[in-house]
Amino acid sequence: MGNLEIDFAGVKFRNPLILASATTGWDGERSNHAWRAGAGGVIPKSFAPPSKWGQHPRTGRMKLINVNKTRIGMVNIELYTTITLEDWLDRELDKACEGHSSIIASVVAHPDPEDTAQKAKIIEDTGKVVMFEINVSCPMPAGDDKVGFQMGNDPETCYRQIQAVKRRVSLPVGIKLTPTTHNMVPIAQSCERAGADFLTIANSVRSFAGVDIVTGMPRLCAYGGYTGPAIKPITQRHVSEVAKAVDIPISAVGGVSNWEDVVEYMMIGATTIQICTSIMWHGYDHFGKILDGLSSYMVRENLDSLESIKGKALPHIVPIEELAKKAPLMVQVDGQRCINLKKGGCKLCGKSCFYGAIEFDPRLTLYQENCDGCGLCVEMCPTDALQLIPVS
Ligand SMILES: Cc1cc2nc3c(=O)[nH]c(=O)nc-3n(C[C@H](O)[C@H](O)[C@H](O)COP(=O)(O)O)c2cc1C
Ligand code: SF4
Ligand code: SF4
């Protein structure tokens, strides 16, 4: 088995998979369960909200988002932990870190950064956590305090939060940013300037869970956080943009379902990978499945460590203007693979070409001179019969 051990912001983890802060780390027992199931690190549910935010609705907080019958994501309206910090430290933390020392404390950013710092200091003094993740990204802000993702959209606020916590504690301090922003780069750079040791990218996407068309009622009557496979492209955009712009390590989180997603995130610059929704859907044992997949991948690719794949894809992400200057491609069909050319029937690619390059009369005919090199037909073909080749 390849060596999955990873150094993240100066802390060693036995592997790069981390339980993201959420319901799955609700208390000590559940946090420890993730460790026993194989997680390299564990982030319990965000600690220490001021008491007035320590309530969440109990009227149903989670809705699956399905397309036809396929589950693609989930919207939730869960706030922070409802366990007080005192109870967490007295009752839960010992259980959470039994048998290991890889607890990352997620601390809710308070409106006054000194309050955030003070809570972090109390937690550090237990000696039971290895680093901090400051949460400025909850997508359900509590009232007029401008907390959660509203804080996380302001580079100066993020700077002051990090600066205050760094002054009070000696463990590494990271910050969990919000994907609900048009450009994360200046926010990430501001955190780096303030002394952040790492960035977590990202929290859930502020969203709306849809409408029950029988009753006309919203499926959730408040805005919530979108998570799961559907958000991976959004989070990957932020991770890759920020990875090019900062030097501090990144913990990526958003839509990881399998080991391939983990490899993808590493190839766009992440060092550790956090998982939430797929653990909520498949249970803690899902960590073991992802780890098995990663180990087999390393053996197949002859990798001693995962460090060697980090950022591999980044140099190939270029401004779109540069791509438009490259030589165009056009479609080509492999007659041995095309169902229509072999026995008729399939016409899927024709329905997806809007440039007049694919016709059926009755068998597939390509008009390559009309092909605009968009590639949609290639994606739609069920038998990989189409590919894009250089225009001759
Ligand atoms: C029900 C639920 C509760 C969550 N609670 C928290 C939280 O307390 N603190 C936090 O930083 N993120 C919280 N998150 C966000 C997750 O940690 C994670 O950033 C997000 O779900 C995206 O990852 P995923 O696609 O793997 O789920 C929560 C997510 C869900 C689904
Ligand atoms: S989608 Fe693929 S198999 Fe179907 S007609 Fe087009 S090329 Fe042939
Ligand atoms: S690549 Fe685009 S334009 Fe060309 S044939 Fe396929 S769908 Fe049509």
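Atoms within a ligand are numbered from 1 in the order they appear, just like the ligands themselves.
Every atom of ligand 3 is numbered from 1 in the order shown, and the set under 4.0 Å from a heavy atom of D372 is 3 (S), 4 (Fe). In the vicinity of G375, heavy-atom distances shorter than 4.0 Å reach the ligand 3 atoms 1 (S), 2 (Fe). Interface atoms of ligand 2 facing C381, defined by a heavy-atom separation under 4.0 Å, are 1 (S), 2 (Fe), 3 (S), 7 (S). Below 4.0 Å from some heavy atom of C338 lie the following atoms of ligand 2, by number and element: 3 (S), 5 (S), 7 (S), 8 (Fe). Set against the non-hydrogen atoms of V331, the atoms of ligand 3 under 4.0 Å away are 5 (S). Numbered from 1 in the order shown, with element, the atoms of ligand 2 that lie under 4.0 Å from a heavy atom of L386 read 7 (S). In summary, the atoms of ligand 3 found under 4.0 Å from a heavy atom of Y355, numbered by their order in the structure, are 3 (S).
Inclusion of I275 in the set of residues having an N or O under 3.5 Å from an N or O of ligand 1 is not warranted.
Across G254, G225, S21, heavy-atom proximity to atom 14 (N) of ligand 1 is greatest for S21. The closest non-hydrogen atom to atom 9 (N) of ligand 1, taken over S257, G224, S46, A20, comes from S46. Across K45, Q274, E78, M280, heavy-atom proximity to atom 8 (O) of ligand 1 is greatest for K45. By heavy-atom distance, the residue among G73, A252, A22, S204 lying nearest atom 4 (C) of ligand 1 is A22. The residue from I43, I77, V253 that puts a heavy atom closest to atom 22 (C) of ligand 1 is V253.
Taking the six-membered ring wherever Trp is involved, the centroid distance between the rings of W26 and H56 falls below 6.0 Å.
For E133 and T200, the side-chain atoms include at least one donor-acceptor pair closer than 3.5 Å.
In summary, C346 places no N/O/S atom under 2.8 Å from atom 6 (Fe) of ligand 2, failing the contact criterion. Among the atoms of C371, an N, O or S atom is found under 2.8 Å from atom 4 (Fe) of ligand 3.
With a 4.0 Å cut-off on non-hydrogen atoms, C377 touches ligand 3 through its backbone as well as its side chain.
Using a 30° and 60° split on the angle between ring planes, F13 and F8 fall in the tilted class, from 30° to 60°.
Atom CZ of R300 has more than 12 neighbouring heavy atoms from other residues, nucleotides or ligands inside a 6.0 Å radius.
Proximity of a side-chain donor or acceptor of T383 to a complementary backbone N or O of R337 within less than 3.5 Å is detected.
A continuous path of hydrophobic side-chain contacts links I122 to I83 [ILVMFWY only; heavy atoms under 4.5 Å].
Among protein heavy atoms, the minimum distance from atom 1 (S) of ligand 2 is reached at C349 N, 3.5 Å. When hydrogens are left out, the protein atom nearest atom 25 (O) of ligand 1 is G255 N, 2.7 Å; that is the closest non-hydrogen contact.
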